[in-house]
Participant: 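The structure follows.
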Amino acid sequence: TDTDTSDEAVRATCDDATTCKRFATSKGYWKDPYIQHFARSVGERKAPEINRGYYARVQGVNHLLDAFIRKTERDCQVINLGAGLDTTFWRLKDENLLPRKFFEVDFPTVVARKIHNIKTKPPLSKPIIETHSTDSLLLDAHSLDSDHYCIIGADLRDISNLDEKLKKFQLNPELPTLLLSECVLVYMTPSQSSNLVHWAADTFHTAMFVNYEQVNMSDRFGQVMIENLQRRQCTLAGVEACQSLDSQKERFLKTGWAHADALDMMTIYSVLPQDDVARIERLEFLDEKELLQQLLQHYSICWATKDKLNLGLAQLAF
Ligand code: SAM
């Protein structure tokens, strides 16, 4: 069916993210010794503006994630929604920033691939075993559950199934929780992503949601981005919610979140630590500065908080 074809195209997007991240790390934009185990090869060359865009994305998301984990003194949970082949668990372990539990959710077929890689590559499995207290570690084809890391196969559009599975793996609604979606909500219809965001606000009294995705999609450049994805059968079903920074914030403010903020990636790029930005700008020559600006203006990070425990989550920003 059409749904199967487009879902399959959406699932394949995790390979794009991984390949681009691997290429950028191979050039030295940031360090990730784990991503090589998830990408088949370094792949073909990516343009410098693409690498800088991924740099801004990874640094921007990590900035808020790490700030939340530090604010809660690691007494928290993280749920990476549509995590794909993301390697954040291993980075947090190496940086002594592991939360009480790090959850990931993606389609069962994507999860099965990720778990297969973990099972067959000791550099990936060792850190999971090291952070687990008993001999019994659940690791089957479709889920992994250890003391600090849990991977679940589920469709994010089916909220009751998602909720049930997370609870089965000891999700604790009382703990401060960071939810992350990086290039994921845009593949769902506005009502499906609103339901997900609403579920999160209903489930946790103290939480932060960090969403990275396209924005300002109604101009010519945005239309070209949409056409490029459509050529690969990939529908951006949620593009209506990506019209502006205000529409990004609205999604949260309408569904029970107390506070929301959003910045485009050009702005974030200009407030990231500028000594490191200067370092990466020396890695590759970029001829067309305007192209980078246009690209960065079409992605954003939106973050929302609710804070019954008064931890000061609304102050987390750039
Ligand atoms: N967040 C990862 C990253 O940034 O590296 C992966 C991004 S990839 C562009 C989008 C991911 O979202 C894919 O792994 C896809 O399978 C997942 N995804 C999209 N819609 C989903 C849904 N309805 N249920 C579960 N996963 C979904």
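In each ligand, atom 1 is the first atom listed, and ligand 1 is the first ligand listed.
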Participant: Looking only at distances, please establish whether an N/O atom of ligand 1 is found under 3.5 Å from an N/O atom of Asp155.
Facilitator: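 Yes, at least one N or O pair falls under 3.5 Å.
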Participant: Quick one about Asn117 and Tyr34 (side-chain donor to acceptor, distance below 3.5 Å, no hydrogens or angles considered), yes or no?
Facilitator: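 Short answer, no.
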Participant: Should the heavy atoms of other residues, nucleotides or ligands under 6.0 Å from NZ of Lys121 be counted, would the total exceed 12?
Facilitator: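 Correct, the count exceeds 12.
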Participant: Below 3.5 Å, N or O to N or O, backbone or side chain included: is there any such pair between Val110 and ligand 1?
Facilitator: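 No, Val110 has no N/O under 3.5 Å of an N/O on ligand 1.
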Participant: Has ligand 1 got any nitrogen or oxygen that is less than 3.5 angstrom from a nitrogen or oxygen of Lys21?
Facilitator: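 Yes; at least one N/O pair falls below 3.5 Å.
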Participant: Does Asp106 use its side chain to pair, donor to acceptor, with the backbone of Val110 at less than 3.5 Å?
Facilitator: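 The answer is no, because no donor-acceptor pair under 3.5 Å joins these two groups.
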Participant: So, the side chain of His148 versus the backbone of Arg100: is there a donor-acceptor pair under 3.5 Å, distance only?
Facilitator: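 Flag set: sc His148 to bb Arg100 pair under 3.5 Å.
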Participant: Please determine which of Glu284, Lys21, Arg52, Arg279 meets the side-chain hydrogen bond (donor to acceptor under 3.5 Å, both in side chains) test together with Tyr29.
Facilitator: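 Exactly one pass, corresponding to Glu284.
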Participant: Which residue and atom name correspond to the protein heavy atom nearest atom 27 (C) of ligand 1, and how close is it?
Facilitator: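 Atom 27 (C) of ligand 1 sits closest to the protein heavy atom Phe107 CE1, 3.5 Å.
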Participant: Taking the six-membered ring of Phe204, is NZ or CZ of Lys306 closer than 6.0 Å to its centre and within 45° of its axis?
Facilitator: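 Negative - Lys306 is either too far from the ring of Phe204 or too far off its axis.
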Participant: Do any nitrogen or oxygen atoms of Gly82 come within less than 3.5 Å of a nitrogen or oxygen of ligand 1?
Facilitator: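 Yes; at least one N/O pair falls below 3.5 Å.
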Participant: Note the single closest protein heavy atom to atom 2 (C) of ligand 1, along with its residue, its atom name and the distance in Å.
Facilitator: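 Checking every protein heavy atom, the shortest distance to atom 2 (C) of ligand 1 gives Ala83 O, 3.3 Å.
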Participant: Does the ring of Phe23 carry Lys46 above it, NZ/CZ under 6.0 angstrom from centre and within 45° of its axis?
Facilitator: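 Yes, Lys46 lies over the aromatic ring of Phe23.
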Participant: What protein heavy atom sits nearest atom 24 (N) of ligand 1, and how far away is it?
Facilitator: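 I find the closest protein heavy atom is Leu156 N, 2.9 Å.
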Participant: Do the side-chain N and O atoms of Asp264 and Ser300 include a donor-acceptor pair separated by under 3.5 angstrom?
Facilitator: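 No, Ser300 and Asp264 have no side-chain donor paired with an acceptor closer than 3.5 Å.
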Participant: With only distance considered, is Asp106 within less than 3.5 Å of ligand 1 through an N or O on each side?
Facilitator: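 Between Asp106 and ligand 1 (N or O atoms, distance only) the closest approach is under 3.5 Å.
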Participant: Given Glu104, Arg57, Met188, which has its nearest heavy atom closest to atom 4 (O) of ligand 1?
Facilitator: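 Residue with the shortest heavy-atom distance to the ligand atom: Arg57.
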Participant: List every atom of ligand 1 that sits less than 4.0 Å from any heavy atom of Arg11, numbering the atoms from 1 in the order shown and giving each element.
Facilitator: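 Contacts of ligand 1 toward Arg11, numbered from 1: 16 (O).
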Participant: Pairing donors with acceptors under 3.5 angstrom, does anything connect the side chains of Thr88 and Asp86?
Facilitator: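 The answer is yes; a qualifying pair exists.
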Participant: Using a 4.0 Å heavy-atom cut-off, say whether Ala17 meets ligand 1 through its side chain, its backbone, both or neither.
Facilitator: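 Only the side chain of Ala17 comes within reach of ligand 1.
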Participant: So which of Val10, Thr87, Val184 gets nearest to atom 12 (O) of ligand 1, if we judge by its closest heavy atom?
Facilitator: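 Comparing heavy atoms across Val10, Thr87, Val184, the nearest one to atom 12 (O) of ligand 1 lies in Val184.
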Participant: Would you call Arg74 and Glu95 a salt bridge, taking side-chain N to carboxylate O under 4.0 Å as the test?
Facilitator: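 Answer for the salt bridge query: no.
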Participant: List every atom of ligand 1 that sits less than 4.0 Å from any heavy atom of Ala154, numbering the atoms from 1 in the order shown and giving each element.
Facilitator: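 Answer, ordered by atom number: 24 (N), 25 (C).
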Participant: Within the 4.0 Å heavy-atom shell around Gly84, which atoms of ligand 1 are there?
Facilitator: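 The list of qualifying atoms is 14 (O).
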Participant: Can you find an N/O atom of Thr13 closer than 3.5 Å to an N/O atom of ligand 1?
Facilitator: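 No - when backbone and side-chain N and O of Thr13 are compared with those of ligand 1, no distance drops under 3.5 Å.
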Participant: Could you identify the single nearest non-hydrogen protein atom to atom 7 (C) of ligand 1 and state the distance to 0.1 Å?
Facilitator: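 Minimum-distance protein heavy atom for atom 7 (C) of ligand 1 reads Glu182 O, 3.5 Å.
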